[in-house]
Amino acid sequence: MGLKIIALAKSRNQHIAVEICRLNHIVFIYFDDSLPVDKHNWLRRKANVAKQFEESSLSVKNDLKEGNMTLEKTFGLDEKDFLAKGGSIPIFIKSAGMIATITVSGLHDEEDHNIIIEALQGKYF
């Protein structure tokens, strides 16, 4: 899946970072050389949101905005460790629950989210 996301981004001349975690273990990671050195923190913080709420980080961002809430004030989550921007999606298995997260950073946050969805749907492969 990570390679599919990278191939999709490269086909569009987009520069991204991708991280796939299973049970808090990184099983795949990629950083485009042109990205800033802090991208690993963006990946970690977005994934923490998806893990905490068991929904996409974009959905959490939208819920916070609609409810006039913040991660810190409403949920007591430190923004050093949590980032409610699109780009992290939890992966569930029916009988096991959430087993992984796929996270992308480097594009506009909605584009980060959408490139994961497109790769999961297999539209381009």
Side-chain angles (χ1 to χ4, degrees):
M1 183 52 54
L3 294 175
K4 287 183 178 185
I5 294 168
I6 293 165
L8 183 54
K10 286 185 176 186
S11 75
R12 298 174 177 172
N13 199 32
Q14 295 172 320
H15 305 279
I16 62 168
V18 180
E19 178 182 272
I20 300 174
C21 290
R22 183 178 179 278
L23 303 175
N24 295 318
H25 296 283
I26 297 171
V27 296
F28 182 91
I29 194 157
Y30 167 83
F31 294 93
D32 187 279
D33 290 337
S34 67
L35 296 176
V37 297
D38 70 339
K39 275 300 167 196
H40 67 284
N41 278 323
W42 284 76
L43 292 169
R44 178 184 60 82
R45 291 166 62 213
K46 287 181 182 187
N48 283 347
V49 167
K51 291 173 192 174
Q52 176 73 28
F53 292 95
E54 294 191 357
E55 62 182 283
S56 76
S57 57
L58 182 61
S59 179
V60 172
K61 171 190 167 184
N62 292 335
D63 290 346
L64 291 171
K65 185 177 179 181
E66 289 172 15
N68 197 27
M69 300 178 289
T70 68
L71 289 173
E72 192 161 358
K73 289 180 182 174
T74 308
F75 298 99
L77 300 174
D78 191 334
E79 293 187 3
K80 293 177 189 170
D81 293 317
F82 294 86
L83 179 64
K85 298 281 185 185
S88 189
I89 296 176
I91 304 299
F92 293 88
I93 292 183
K94 193 179 283 187
S95 62
M98 186 173 70
I99 60 148
T101 56
I102 302 174
T103 309
V104 170
S105 188
L107 309 173
H108 183 277
D109 70 323
E110 290 182 13
E111 291 176 291
D112 287 340
H113 176 90
N114 289 336
I115 199 167
I116 300 168
I117 297 298
E118 290 174 46
L120 287 170
Q121 293 174 338
K123 290 182 178 180
Y124 297 94
F125 305 97

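The figures that follow rest on heavy atoms only: side chains count, while hydrogens, waters and symmetry mates do not. Bear in mind that the values here come from a model prediction, so they are computed numbers and not experimental data.
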K.L.:
Starting from Ile26, can I reach Leu83 by hopping between I/L/V/M/F/W/Y residues whose side chains sit under 4.5 Å apart?
P.N.:
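Cluster IDs for Leu83 and Ile26 differ.
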
K.L.:
Going from CD1 on Ile29 to SG on Cys21, what distance comes out if it is rounded to the nearest 0.5 angstrom?
P.N.:
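Interatomic distance, Ile29 CD1 to Cys21 SG, rounded to 0.5 Å: 7.5 Å.
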
K.L.:
What pairs of residues pass the side-chain hydrogen bond (donor to acceptor under 3.5 Å, both in side chains) test when at least one of them lies in residues 62-73, not counting sequence neighbours?
P.N.:
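As it turns out, there is no side-chain hydrogen bond (donor to acceptor under 3.5 Å, both in side chains) pair with a partner in residues 62-73 once direct neighbours are skipped.
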
K.L.:
Drop me the distance from Leu8's CG to Lys10's NZ, to the nearest 0.5 angstrom.
P.N.:
12.5 Å

K.L.:
For the atom pair CG (Asp32) and CD1 (Ile16), what is the distance rounded to the nearest 0.5 Å?
P.N.:
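Separation between the atoms: 8.0 Å.
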
K.L.:
Going by the side-chain contact (heavy atoms from CB on, under 4.5 Å) test, name the single residue among His113, Lys46, Arg44 that passes it with Ser88.
P.N.:
Lys46

K.L.:
Is a side-chain donor or acceptor of Ser57 paired with a backbone partner of Lys85 at a separation under 3.5 angstrom?
P.N.:
yes

K.L.:
Could you give the distance from CD1 (Ile102) to CD1 (Ile116), rounded to the nearest 0.5 Å?
P.N.:
6.5 Å

K.L.:
Sequence neighbours left out, what pairs pass side-chain hydrogen bond (donor to acceptor under 3.5 Å, both in side chains) with at least one residue falling in residues 16-25?
P.N.:
Asn24-Lys51

K.L.:
Identify whether the distance between the nearest side-chain nitrogen and carboxylate oxygen of Glu118 and Arg12 falls below 4.0 Å.
P.N.:
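Here Glu118 pairs with Arg12 in a salt bridge, since their nearest N and O are under 4.0 Å apart.
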
K.L.:
Check the side chains of Arg45 and Asn48 for a donor-acceptor pair under 3.5 angstrom, ignoring hydrogens and angles.
P.N.:
no

K.L.:
The test is ring-ring contact (aromatic ring centres under 6.0 Å, His included); show your working for Phe53 and Phe75 and say whether it passes.
P.N.:
CA-CA 11 Å; Phe53 292 95; Phe75 298 99; 5.0 Å; yes

K.L.:
Just how far is it from atom OH of Tyr30 to atom CG of Leu35, taken to the nearest 0.5 Å?
P.N.:
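Between atom OH of Tyr30 and atom CG of Leu35 there are 8.0 Å.
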
K.L.:
Going through the checks in order, is the side-chain contact (heavy atoms from CB on, under 4.5 Å) test met by His15 and Asn13?
P.N.:
CA-CA 7 Å; His15 305 279; Asn13 199 32; 4.2 Å; yes

